[in-house]
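When reading the values below, keep in mind they use all heavy atoms of this one structure, side chains included, and skip hydrogens, waters and symmetry mates. We're numbering straight along the sequence, starting at 1. For ligands, and for the atoms within them, numbers begin at 1 and follow the listed sequence. Source: prediction; values computed, not measured.
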Amino acid sequence: MIRLYNTLTRQKEDFSPIYEGKVGMYSCGPTVYWFAHIGNMRSFLFADVLRRTLELNGYEVKQVMNITDVGHLTGDTDDGEDKMIVAMKREGKTSYEIAEFYTRAFMKDLMALNIKSANLYPKATDHIAEQIEMIQSIEKNGFAYKTTDGVYFDTSKLADYGRLSGQKLEDKKSGARVEIGEKQAATDFALWKFSGSENDRDMEWESPWGTGFPGWHIECSAMSMKYLEVPFDIHTGGVDHIAVHHENEIAQTMGAEGVLEANTWMHNEFLTIDHGKMSKSLGNLFTVDQLEEKGFDPLAFRYFVLGGHYRSKLNFTFEALESAQNALHKLQEIIREWDAPEGQCAELEDAFLEALNDDLNTSQALAVVWKLVDADIETSAKSRTLLWMDRVLGLRLDTFLGKPLLIPSNVQLLVNEREQARIDKNWDRSDVLRVQIQEQGFQVEDTEDGPVIKLL
Ligand code: AMP
Ligand code: ZN
């Protein structure tokens, strides 16, 4: 039995899918106006681990992840500029070119982190008709009103608006001393926004209400309904989506279809840096590419993220990333010596699955991996069990398992020469040789038993 924490009910629940053996899952994807940072990647790693855990339990998972290429404003509550237009001005390209460029960069990051591809990556701009149709249903059912700048969802018409975040409508109203313009309540949100007469948008469409573009939330309701039936099983995203984006998705699907969009709502906590927010202006925002430029293996970041629980904040430091990388390298080196997979270690497989099935306790699952490494059993059995575990860990351990490091003869000669230099206490020569060895992609560690050669 898998137990998952459902934000909607504020408790861990026994997971039971709508259709036996199958899981429909929707993960809020990236807004493609800039490179995804490693905090964003935490969110996608979380969804990946969830999906892989479901698959390890034998479920067939259909995962849909949207690509937001229109409508996400710089303020989450219908204010500010469209993020795509900001990027368009910044880079002097069309919004479509921006979207394509950053979508590719995102796909590359997914591959680097060994995140499994979703079954579908629908783009908001490819689903304008579906969004308009859904807004029409919402309007027909009496949940929408029009102002001079757009069509809005009337949250006062929905009895349990706010159920996901647990905020009451009144609280939000009285708490919000914000300018709400023509909106009837602070919680009401845009379904469709008009372009206005003076605008520099290159993304706008005709609609029954006027030329404009969809509000940010409607894409997820419309596309999840199109590609997964509603209600579907699991919806994921970061905690910042709870109060506005997901609350509004729920409202829209309820308004249009009269059903709850998804049964289980799961949210990852933030990756922080120096215990604070990552932001471009603070200069502490990193991308996967930047980690690589600093000499880190992207999978070390994956290992680092697995070390924390998805519902706890995880503080990123380069020291922590380095120890994750050291642990991963140690594991890779150990398993090079293991025999070909045969047999299994059922007890530790059970312990591994039990950890994951308890609301994705990945750090406990990693502890089980190290127990396996230390276990006093045949390495062939360890091999098979480890490969099975790697179906969720996604650390590409198969590329190391049972593959002893082949040291080229020229590298071995350099290492021998360096040993002689050390015996002669010729430290300068020894340092020069170390650099030459590194240039060949290897490193030497001096141990009591002599030099150990490793991949750089
Ligand atoms: P966005 O591209 O802004 O729509 O964000 C993509 C995903 O990343 C969303 O699910 C966010 O909730 C999530 N997210 C944003 N910042 C962080 C962070 N620092 N740590 C973890 N997840 C984040
Ligand atoms: Zn979404």
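Cation-pi geometry between Arg42 and Phe270 is not met: the NZ or CZ atom fails to fall both under 6.0 Å from the ring centre and inside 45° of the normal. In this structure, Lys294 forms a cation-pi arrangement with Phe318, its terminal cationic atom sitting closer than 6.0 Å to the ring centre and no more than 45° off the ring axis. A cation-pi arrangement is found for Arg311 relative to Tyr5, the charged atom lying closer than 6.0 Å to the ring centre and inside a 45° cone about the ring normal.
When hydrogens are left out, the protein atom nearest atom 1 (P) of ligand 1 is Thr31 OG1, 3.8 Å; that is the closest non-hydrogen contact. Here the protein heavy atom with the shortest distance to atom 13 (C) of ligand 1 is Ser43 CB, 3.8 Å. Of the protein's heavy atoms, Leu271 O, 3.1 Å lies nearest to atom 19 (N) of ligand 1.
Distances from atom 9 (C) of ligand 1 to the heavy atoms of Lys83, Arg42, His241 show the closest one on His241. With Ala36, Gly39, Gly238 as candidates, the residue nearest to atom 23 (C) of ligand 1 on a non-hydrogen basis is Gly39.
By the 4.0 Å N-to-carboxylate-O rule, Glu445 lies close enough to Lys454 to be salt-bridged with it. Salt-bridge formation is not detected for the pair Arg3/Asp358: no Lys NZ or Arg NE/NH1/NH2 atom is positioned less than 4.0 Å from an Asp or Glu carboxylate oxygen. Note on Asp48 versus Arg51: no salt bridge recorded, every NZ/NE/NH1/NH2 to OD/OE distance being 4.0 Å or above.
Residue contact annotation: His245 places an N/O/S atom under 2.8 Å from the Zn ion (ligand 2). Residue contacts to the Zn ion (ligand 2): Cys220 brings an N, O or S atom closer than 2.8 Å. At least one N/O/S atom of Cys28, from backbone or side chain, sits under 2.8 Å from the Zn ion (ligand 2).
Outside the 6.0 Å centre-distance limit, the rings of His241 and His267 are not counted as a close aromatic pair.
Shown in contact with Glu269 at under 4.0 Å from a heavy atom are these atoms of ligand 1, numbered in order with element: 21 (C). Interface atoms of ligand 1 facing Gly29, defined by a heavy-atom separation under 4.0 Å, are 4 (O), 6 (C). Shown in contact with Met278 at under 4.0 Å from a heavy atom are these atoms of ligand 1, numbered in order with element: 19 (N). Residue-ligand proximity, Pro30 to ligand 1, at heavy-atom distances under 4.0 Å covers atoms 2 (O). Of all atoms in ligand 1, listed by their number and element, those nearer than 4.0 Å to a heavy atom of Asn268 are 21 (C), 22 (N). Counting atoms of ligand 1 from 1 in the listed order, those under 4.0 Å from a heavy atom of Asn40 are 5 (O), 6 (C), 7 (C), 8 (O), 13 (C), 14 (N), 15 (C), 16 (N).
When every heavy atom of Thr362 is checked against every heavy atom of Leu306, the shortest pair comes out as OG1-O, 2.7 Å. Contact detail for Ile250 and Glu261: the closest heavy-atom pair is N-OE1, 3.8 Å.
Residue contact annotation: Asp240 has a non-hydrogen atom under 4.0 Å from ligand 1. For the ligand labelled ligand 1, residue His37 lies inside the 4.0 Å heavy-atom shell.
The N/O atoms of Gly237, backbone and side chain alike, include none that comes under 3.5 Å of an N/O atom in ligand 1.
Side-chain contact, Gln63 with Asn119: no donor N or O sits under 3.5 Å from an acceptor N or O.
Put simply, the side chain of Asp188 never gets that close to the backbone of Lys183: no donor and acceptor are under 3.5 Å apart.
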